[in-house]
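The residues of the chain are indexed from 1 along the displayed sequence.
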Amino acid sequence: MSLPIFPPGFLWGASASAFQTEGAVDADGKGPSGWDAFAALPGRIKDGTDTTRGTGFHARYREDVALLAGLGADAFRFSVSWPRVVPGGSGAVNADGLDFYDRLVDELCAHGITPAPTLYHWDTPLPLEEAGGWLDRDTAYRFAEYAGIVAERLADRVPLWITINEPAEVTLLGYALGEHAPGRTLLFDALPAAHHQLLAHGLAVRALRAAGADNIGAAFSHAPVWTAGDSDEDRFGAELYDTLTNWLFADPVLTGRYPDDGLAALMPGPVADDLKVISTPLDWYGINYYNPTLVGAPRPEALETFSGFTMPAELPFGIREIEGYEKTGFGWPVVPEGLTEIVTTLHTRYGDRLPPLYITENGCALEEPHADDRRIAYLESHLTALRAAMDAGVDVRGYFTWSLTDNVEWTEGASQRFGLVHIDYETLTRTPKASYAWYRELIRAQKTQSAQKTQSAQRTQSAQETQVVQKRNPAVEGAYAAPPE
């Protein structure tokens, strides 16, 4: 496959998160997170991986920044651990924790790599989680305070900010279905967690700007929802799932409204006032894309699963398997055209209200650590699909692959490997994979082609300007005069 050329200035990056990589769970004054407590429960991490070690990023961040530099990456999306900076979730600030991120940002800047911190990638400080977590409105205000603290330290060197990551997954998997931290099984009673994360996002945008930060966005999971059948029940199930996973989060942020008045009525607090905060204008909007979802009417007699666990029978929709596509190690279908579809859908749905886009996550998990041809094919096909959306008029400014290294993949432990760099979980040795070399060459080729394209355009413009000057110069005017009759 021959990749298309992306425009000059297109940002090439890779991603990671604190819980999945840092380790050092109690080093330098870090407090426990809700995920630390959840992962310590028997059976929660399916392969028994010790999540407290992560990939050793806290101790080995310079090694990983060198890997980024070797890629030629423009940017690194990492997350700041809230309990490392504010162990109690509010109150005393842990200076040693802030110092770590200060050193990390300096290291990235020294290598010419743009730091792109995510302020919340699921690791809620345990004291806040025990007090209600995202079900408690106060958590949103504590998050805004923490956002301001980080910005006051780092805003002079960080030109790209991400408030929250995937509030849909936190709501669905953490509070509705209980498969992720904090393990609550509230079903539709989990909706306040969605509202409070959105409120936290809006408050954080304002806190960041007040502290001198700019170029602010957030990372939302988005994917097409396909209808499993032609019945009214199938259409209702698919539309409801689409609303809950896509538009419940994008609509408030981009339009200041919930997609349905009935949903708005289920949200806590002064919803109309909150929506004014939630819809504080963004500089850009992030999309995490992995695969479409096929949804229809519930089938209580069928054992339907979603990301490896059984869906509750009482839900008003059912997830079906998408047939006819290659599967990743997670069993997710590889559907690159789904990226074109969701990006263009957002463009059509929101029009001028949609700010420039970044793809903040895209990648695939493969169980085999070194057989990497499938990952290269995945990335190639998805970048081609992304360029198709851009050719259709969508303003996309950058792409972050998930992820730089293999990492602790939440409840899957070390069994699912997304990285361009292999991690030996016994020794924490890093070994670049074939996809690392492919991505490095891709970035190099794109930058070379973009530079050539820019130079060609500059030469053309210079020639045109020279011709205009010559036409206006009396000394050469005769050369352009009409011949005598």
- Is there a donor-acceptor contact under 3.5 Å linking the side chains of Glu361 and Tyr290? yes
- Task: Report yes or no: does Lys433 contribute a side-chain atom to a donor-acceptor pair with the main-chain N or O of Gly419 at less than 3.5 Å?
- Result: yes
- Report yes or no: do Thr139 and Asp136 form a side-chain donor-acceptor pair below 3.5 Å? no
- Query: How about Thr411 and Arg44: does a side-chain donor come under 3.5 Å of a side-chain acceptor?
  - Reply: no
- Message: Please check: side-chain N/O of Asp424 versus main-chain N/O of Thr429, any donor-acceptor pairing under 3.5 Å?
- Response: no
- N/O donor-acceptor pair under 3.5 Å between Trp161 side chain and Asn215 backbone: no
- Task: Examine Trp410 together with Phe38 and report whether their ring centres are nearer than 6.0 Å.
- Result: no
- Can you check whether His201 and Phe249 have ring centres sitting under 6.0 Å from each other? no
- Task: Decide whether Tyr289 and Trp402 meet the rule of one side-chain donor and one side-chain acceptor closer than 3.5 Å.
- Result: no
- Query: Do the side-chain N and O atoms of His422 and Asp406 include a donor-acceptor pair separated by under 3.5 angstrom?
  - Reply: no
- Query: Rounded to the nearest 0.5 Å, how far apart are CD of Glu107 and CG of Asp64?
  - Reply: 11.0 Å
- Message: Side chains of Glu409 and Ser415: any donor to acceptor distance under 3.5 Å?
- Response: no
- Item | Gap separating the OH atom of Tyr120 from the OG atom of Ser79, nearest 0.5 angstrom | 10.5 Å
- Task: Check step by step if side-chain hydrogen bond (donor to acceptor under 3.5 Å, both in side chains) holds for Glu145 and Ser90.
- Result: CA-CA 8 Å; Glu145 291 174 356; Ser90 63; 5.7 Å; no
- is_close_aromatic(Trp35, His180), centroid dist under 6.0 Å: yes
- Would a distance-only check, ignoring hydrogens and angles, find a side-chain to backbone donor-acceptor pair under 3.5 Å from Ser81 to Ala18? no
- Message: Under a 3.5 Å threshold, yes or no: a donor from one side chain and an acceptor from the other, between Thr340 and Glu337?
- Response: no
- Go through the steps for Thr360 and Arg77 under the test side-chain hydrogen bond (donor to acceptor under 3.5 Å, both in side chains), then give the verdict. CA-CA 8 Å; Thr360 38; Arg77 181 190 166 208; 4.6 Å; no
- Query: Is there a donor-acceptor pair under 3.5 Å between the side chain of Ser403 and the backbone N or O of Thr405?
  - Reply: yes
- Item | Residue pair His222, Tyr285: steps toward the ring pair (Phe, Tyr, Trp, His ring centres under 6.0 Å) verdict | CA-CA 11 Å; His222 283 298; Tyr285 189 91; 5.8 Å; yes
- Query: Within a radius of less than 6.0 Å around CZ of Arg209, do more than 12 heavy atoms belonging to other residues, nucleotides or ligands occur?
  - Reply: yes
- Looking just at side-chain N and O atoms, do Asn291 and Tyr325 make a donor-acceptor pair shorter than 3.5 Å? no
- How about Tyr425 and Asp50: does a side-chain donor come under 3.5 Å of a side-chain acceptor? no
- Between Phe100 and Tyr61, is the ring centre distance below 6.0 Å? yes
- Query: Does Arg349 come within less than 4.0 Å of Asp251, counting only side-chain N to carboxylate O?
  - Reply: yes
- Task: For the pair Asp123 and Trp82, evaluate side-chain hydrogen bond (donor to acceptor under 3.5 Å, both in side chains) and give the outcome as yes or no after the intermediate values.
- Result: CA-CA 7 Å; Asp123 47 355; Trp82 187 355; over 6 Å; no
- Message: Side chains of Trp122 and Gln20 only: does a donor on one sit below 3.5 Å from an acceptor on the other?
- Response: no
- Message: Under 6.0 Å between ring centres: does that hold for Tyr399 and Tyr358?
- Response: no
- Query: Nearest heavy-atom pair of Ala69 and Ile113: which atoms, and what distance?
  - Reply: N-CD1, 3.7 Å
- Query: Taking atom types as modelled and ignoring hydrogens, do the side chains of Asn165 and Asn288 form a donor-acceptor contact shorter than 3.5 angstrom?
  - Reply: yes
- Message: With a 3.5 Å distance limit and no angle check, can you tell me whether Thr55 reaches the backbone of Thr21 through a side-chain donor-acceptor pair?
- Response: yes
- Message: Looking only at the side chains, is there a donor atom on one of Ser435 and Asp372 sitting less than 3.5 Å from an acceptor on the other?
- Response: yes
- Does any N or O in the side chain of Asp36 come within less than 3.5 Å of the main-chain N or O of Ser33, such that one atom is a donor and the other an acceptor? yes
- Message: What I want to find out is whether Asp395 reaches Arg397 closely enough, with some N-O distance under 4.0 Å, to be called a salt bridge.
- Response: yes
- Tyr101 side chain to Val80 backbone, donor-acceptor under 3.5 Å: no
- Asp74 (side chain) donor-acceptor with Trp12 (main chain) under 3.5 angstrom: yes
- What are the two closest non-hydrogen atoms of Arg84 and Gly23, and how far apart are they? NH2-O, 3.1 Å
- Task: Keeping the roles fixed (side chain from Asp214, backbone from Pro159), state whether a donor-acceptor pair exists under 3.5 Å.
- Result: no
